[in-house]
There are 2 protein chains.
Amino acid sequence: MSSTARQDNVIFLTNRVGRQLARVMLERMEFEEFLPQGTHMGLLSDLMEHDGMRQQDLAISTIKDKGTVARALNHLEQGQFIERRIDPHDRRQKHIYLTEKAHRLWHYAAERARRTIDIASHEITPEDMHTCVKVLQKMYTNLHDELSQNEKE
Amino acid sequence: MSSTARQDNVIFLTNRVGRQLARVMLERMEFEEFLPQGTHMGLLSDLMEHDGMRQQDLAISTIKDKGTVARALNHLEQGQFIERRIDPHDRRQKHIYLTEKAHRLWHYAAERARRTIDIASHEITPEDMHTCVKVLQKMYTNLHDELSQNEKE
DNA sequence: CGTTAACCGTTGCAAACGCAACTACTTTGT
DNA sequence: ACAAAGTAGTTGCGTTTGCAACGGTTAACG
């Protein structure tokens with residue numbers, strides 16, 4: 001635990017903290033008969049903000065392969081958390097909509113998420129936490145740009 | 001991309017940024033004949049700081065299942081990046097040591113890691129980045145305490 | 001002592017992932 | 001108008017992962 005505070009570790013640090021957060025949040029989580037494997041919560045998170053997103057855009061924002069997203073959505077659809085609707089103007093695209101059940105799940109999960117963040121942010125000033133989030137978001141877009149740029153080559 | 005700057009998203013945000021960072025770093029990475037799958041770099045990172053760690057402690061610090069670590073080490077051992085040595089005082093434990101080859105790999109990877117971080121930290125002030133890392137480390141220990149506490153119950 | 005409990009590492013299994021090949025549909029260019 | 005290129009989503013495959021069960025080793029305690 002005596003890790004020097006060198007920035008070199010951001011790469012591994014973010015990975016680890018991310019997984020820890022998810023793990024603590026999902027611990028002992030149960031929702032009716034069906035519990036969407038924690039991994040899929042990220043999809044719901046995005047859909048909560050932009051209901052009706054296209055599958056493609058979901059893959060981009062969650063940084064997952066489109067195949068992975070397709071299968072995750074199969075799972076969520078089977079559990080009746082989402083609904084796929086084909087775009088009438090472009091029959092290739094599908095838009096994803098949340099069901100009422102998903103909203104109930106999210107409401108339930110949000111509580112746990114808040115508790116998890118409380119635990120994680122113990123003894124961290126709100127200002128520091130805020131800049132941390134700000135920095136993460138900036139890194140997110142920076143890397144997003146880099147990745148999409150590389151794709152074009 | 002219009003994500004509100006609410007802290008609620010730290011959970012998914014850290015996950016995503018973490019995966020992005022790893023992905024950018026590993027892009028087009030090649031090392032002689034054998035490239036340790038990026039996932040295993042975290043293990044090397046820890047070993048660089050504490051050579052001779054026990055397997056168990058590696059699992060704890062990287063937040064991975066001990067089974068996962070065992071298999072990853074098999075892979076790294078096969079590639080001659082690490083060496084397992086049984087503790088003479090307790091034959092259950094194994095200590096992990098890096099080989100010279102691992103040091104060469106790390107040197108090679110460190111360059112790419114630095115470049116990746118440069119990309120990610122574009123237009124982020126060093127102070128903000130520093131507090132971000134500080135916050136992540138604090139969250140890490142906070143969550144670590146929480147997890148080990150839950151285990152005891 | 002000797003039995004029981006705790007511990008570390010390994011292995012079986014099912015879920016999730018990324019990559020790449022494929023299908024269906026749309027846009028582009030001549 | 002038609003062939004060619006491009007796009008969105010699905011599917012196959014091999015790898016990584018966490019969980020749980022197991023085997024061998026040490027510690028705890030009557």
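On a predicted model such as this, the values are computed, not experimentally measured, just so you know. Values below: all heavy atoms of this structure, side chains included; hydrogens, waters and symmetry mates excluded. The sequence lines fix the lettering, A, B, ..., with proteins before strands; numbering per chain opens at 1.
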Parallel, tilted or perpendicular: ring planes of His95(B) versus Tyr97(B), cut at 30 and 60 degrees: tilted
Return the orientation label for the Trp106(B) and Phe12(A) ring planes: parallel under 30°, perpendicular over 60°, tilted otherwise. parallel
What is the distance, rounded to the nearest whole Å, between atom CZ of Arg23(B) and atom C1' of dT15(D)? 16 Å
State plainly whether one hydrophobic cluster holds both Ile86(B) and Leu98(B), where clusters connect Ile, Leu, Val, Met, Phe, Trp and Tyr through side-chain heavy atoms under 4.5 angstrom apart. no
If you round to the nearest 0.5 Å, how far is CE of Met53(A) from CD1 of Ile96(A)? 9.5 Å
Separation of Arg19(A) atom CZ from dG18(D) atom P, in whole Å? 6 Å
Working for side-chain contact (heavy atoms from CB on, under 4.5 Å), residues Asn15(A) and Leu21(B): CA-CA 9 Å; Asn15(A) 260 301; Leu21(B) 282 166; 5.7 Å; no
Rounded to whole Å, please give me the gap between NE2 in His40(B) and P in dC17(C). 17 Å
Gln20(B) and side chain to side chain contact (heavy atoms under 4.5 Å, CB included): which partner among His144(A), Glu146(A), Met139(A)? His144(A)
In whole Å, what is the span from the CD1 atom of Ile60(B) to the C1' atom of dC7(C)? 12 Å
Please write out each protein N/O paired with an N/O of nucleotides 10-13 of chain C under 3.5 Å, distance rounded to 0.1 Å.
{"residue": "dT10(C)", "atom": "OP1", "partner": "Arg84(B)", "partner atom": "NH1", "Å": "3.1"}
{"residue": "dT10(C)", "atom": "OP1", "partner": "Lys94(B)", "partner atom": "NZ", "Å": "3.1"}
{"residue": "dT10(C)", "atom": "OP2", "partner": "Gln55(B)", "partner atom": "OE1", "Å": "3.4"}
{"residue": "dT10(C)", "atom": "OP2", "partner": "Gln55(B)", "partner atom": "NE2", "Å": "2.5"}
{"residue": "dT10(C)", "atom": "OP2", "partner": "Arg84(B)", "partner atom": "NH1", "Å": "3.0"}
{"residue": "dG12(C)", "atom": "O6", "partner": "Arg71(B)", "partner atom": "NH2", "Å": "2.5"}

Roughly how many Å is it from NE2 in His89(A) to P in dC25(C), rounded to a whole number? 17 Å
Can you sort out the partners of Asp57(B) under salt bridge (charged side-chain N to carboxylate O under 4.0 Å, His left out), two or more places apart, ordered by chain and number? Arg54(B)
What is the nucleic acid contact for Ile63(B), judged by heavy atoms within less than 4.0 Å: base, sugar-phosphate only, or nothing? sugar-phosphate
His75(B) NE2 to dT16(D) C1', in whole Å, measures 11 Å
Quick one: pull up CG in Leu43(A) and CD1 in Ile82(A) and give me the separation to the nearest 0.5 Å. 8.5 Å
Sort by first number and list every stem of DNA chain C: at least 3 consecutive Watson-Crick or G-U wobble pairs, both distances under 3.5 Å. C:1-30 with D:1-30
If you check every side-chain atom of Arg91(A), which of dC25(C), dT16(D), dC17(C) has the closest atom? dC25(C)
Can you tell me how far C1' of dT25(D) sits from CG of Asp87(B), to the nearest Å? 12 Å
Would you please name every residue forming a salt bridge (charged side-chain N to carboxylate O under 4.0 Å, His left out) with Lys134(A), sequence neighbours left out? Asp128(B)
Scoring nucleotides 1-6 of chain C by protein non-hydrogen atoms under 4.0 Å (B base, S sugar-phosphate only, - none) yields -----B
For atom CG of Asn15(A) and atom C1' of dC17(C), their distance in whole Å: 14 Å
Would you kindly confirm whether Met48(B) and Ile117(B) end up in one hydrophobic cluster when ILVMFWY residues are joined by side chain heavy atoms under 4.5 Å apart? yes
With sequence neighbours excluded, residues passing salt bridge (charged side-chain N to carboxylate O under 4.0 Å, His left out) with Lys94(B): none
Establish, with yes or no, whether the OP1 or OP2 oxygen of dC8(C) is under 4.0 angstrom from a side-chain nitrogen or oxygen of Gln93(B). no
